[in-house]
Protein chains: 2
Amino acid sequence: MKDATLSRREREKLWQRQEMLTAAIGLFSEKGFHNVSMLEIAKRSEFAIGTLYKFFKNKEDLYRSIIVKQADTFHTALTRALNEEDGEIEKLRSYVKIKGAVFMDNVSVVRLYFAETRGASFNIKAGLDKEIREEYELLLQKLTGVFAAGIQKKRFQKIAEPYHLAVSLDSLTNAFLHLWLEAPDEHPYPDDPDVILNIICKGLLVEP
Amino acid sequence: MKDATLSRREREKLWQRQEMLTAAIGLFSEKGFHNVSMLEIAKRSEFAIGTLYKFFKNKEDLYRSIIVKQADTFHTALTRALNEEDGEIEKLRSYVKIKGAVFMDNVSVVRLYFAETRGASFNIKAGLDKEIREEYELLLQKLTGVFAAGIQKKRFQKIAEPYHLAVSLDSLTNAFLHLWLEAPDEHPYPDDPDVILNIICKGLLVEP
DNA sequence: GCAAAATGTGACGACTAGTTCACAGTTTAA
DNA sequence: TTAAACTGTGAACTAGTCGTCACATTTTGC
């Protein structure tokens, strides 16, 4: 733990900061950046407005902190999933599984994350978008590599460009997460990753 | 044409309304609902602010008009694509093709449409979301029906639930449109619908 | 050609929300 | 104990936008 060497005061400030972030995450994910005021965040976190500004330069900075940290969590977990497993199919399975787990552990931020990564982001002036996108693109490249390797080793058929396959798998998992987000009971994210993977892995057409 | 029986004045008002909408579409799709002011829309459309309010109840109403009309265009075109063709595979091909065509004809609204249909919409208080979602769900049902029919006729293998297949195809086309939106030259939306369809239709795995 | 009706205008009122800052309260160290 | 440093506070300042409305301009009908 990195708190080990921190003074009591420093730990308290870190804790306060987290309180503010938690309050802000809840509000932003309910109503979106523009429909949440700093006063609301102050109220919910039980600090004064002025105190918020001691911790964050401004509203945008507060929002960025949330998104950047969360995007990092997501991308790190997924990159590790792709690194740790052996074998292309196992890597894909792990990707689908871990993505479900990590996203479902962070429901309230997922909406914000989607908003930022899907070009529908009109929240931040500029830059954040790019920042996250680059990390995201790196992850896609990693995934592309898995498909390319599978094809090269003749384990996969080249049914599409590796990059397109990567984008597709990412988009499919997003779609399932989106369904789950809307109606968790009606559309649970599948426990078995093959429910999603089969859509790519098995052929729909009867005759080849 | 429905203008046939309208007076010159009425046609002019319709035209003026369109001018306002066009200006608004451009601005909204560049900067999003909350980062565009009525004054800006007035300036760009070369009307006075007051005039905007003669045509639209308020800013939200203006935004709704754009989204609802566009969503309707999209859904109508796609539903027709699924109705007109014969044969399941041909229906799917038509869906992918028409979706590309219609969306690429309406670049600037596509971002807004995506924002509204993907749960990342924090623009409108409430309702619009639902309004569009229902139409969208109907389209998905139609698409589900195509997959279900194909499976029933033993033309398709049941690699996943028909509804999941529908969601998947929709999500894949969106992903390709998204790539194109970001970098039209680098990632053109494929002319041949099979580039997208193969991802579902052909099996990735070598041994079945 | 003219008065009445319809239409277009933009300054202005009312309000909201982001940010600042002087001060009060609290902790620290001698 | 006490003074200096630090921290938290929220009233007040500022900027900017939505939506209105009395008035100017244009169109219409006679």
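Just so we're on the same page: letters track the sequence lines, and every chain starts at 1. Computation of the quantities below employed the complete heavy-atom set of this structure, encompassing side-chain atoms and omitting hydrogens, waters and symmetry-equivalent molecules. Source: prediction; values computed, not measured.
- Considering all non-hydrogen atoms of both residues, I41(A) and S45(A) come closest at O-OG, 2.7 Å.
- For the salt bridge (Lys or Arg N to Asp or Glu O under 4.0 Å) condition, the pairs that include at least one residue of residues 95-106 of chain B, sequence neighbours left out, are K99(B)-D170(B).
- Across all strands shown, S37(B) has heavy atoms under 4.0 Å from sugar-phosphate atoms exclusively, and none from any base.
- The CD1 atom of I49(B) sits 10 Å away from the P atom of dG10(C) (whole-angstrom rounding).
- Residue E12(B) is out of contact with every strand shown, counting any heavy-atom pair closer than 4.0 Å.
- Checked against the 6.0 Å centroid criterion, the rings of F28(A) and Y63(A) qualify as a close aromatic pair.
- Atom-to-atom, CG of L39(A) to P of dT20(C) comes out at 16 Å; the value is rounded to the nearest Å.
- Comparing V36(A) and A48(B) by the nucleotide of DNA chain C whose heavy atom lies nearest to each, the residue mapping closer to the 5' end is A48(B).
- Whole-Å rounding puts the W15(A) CH2 to dT7(D) C1' distance at 16 Å.
- Taking atom CG of residue N35(B) and atom C1' of nucleotide dC18(D), one finds them 15 Å apart after rounding to whole Å.
- If you measure from atom CG of L62(B) to atom C1' of dT17(D), you get 15 Å, rounded to the nearest angstrom.
- Along DNA chain D, the nucleotide nearest K57(B) and the nucleotide nearest L52(A) are compared for position; the residue whose nucleotide lies closer to the 5' end is L52(A).
- Exactly one of W180(B), F176(B), Y113(B) qualifies for a ring pair (Phe, Tyr, Trp, His ring centres under 6.0 Å) with F103(B). That residue is Y113(B).
- Computed from coordinates, the Y53(A) OH to dT7(D) C1' distance equals 18 Å when rounded to whole Å.
- Across all strands shown, Q16(B) has heavy atoms under 4.0 Å from sugar-phosphate atoms exclusively, and none from any base.
- The listed nucleotides are dG19(D), dG8(C), dG18(C); the one nearest the side chain of K59(A) is dG18(C).
- The side chain of F55(B) sits closest to dG8(C) out of dG8(C), dT9(D), dA11(C).
- Rounded to a whole Å, the CZ atom of F56(B) is 15 Å from the P atom of dC18(D).
- Each of F33(A) and T51(B) was assigned the nucleotide of DNA chain C with the nearest heavy atom; the assignment lying further toward the 5' end belongs to T51(B).
- Residues forming a side chain to side chain contact (heavy atoms under 4.5 Å, CB included) with T51(B) (at least two apart in sequence, or on another chain): M20(B), F47(B), A48(B), F55(B).
- Side-chain proximity of K54(B) to the nucleotides dA11(C), dG8(D), dG8(C) is greatest for dG8(C).
- At whole-Å resolution of the value, CD in E46(B) and P in dG8(C) are 15 Å apart.
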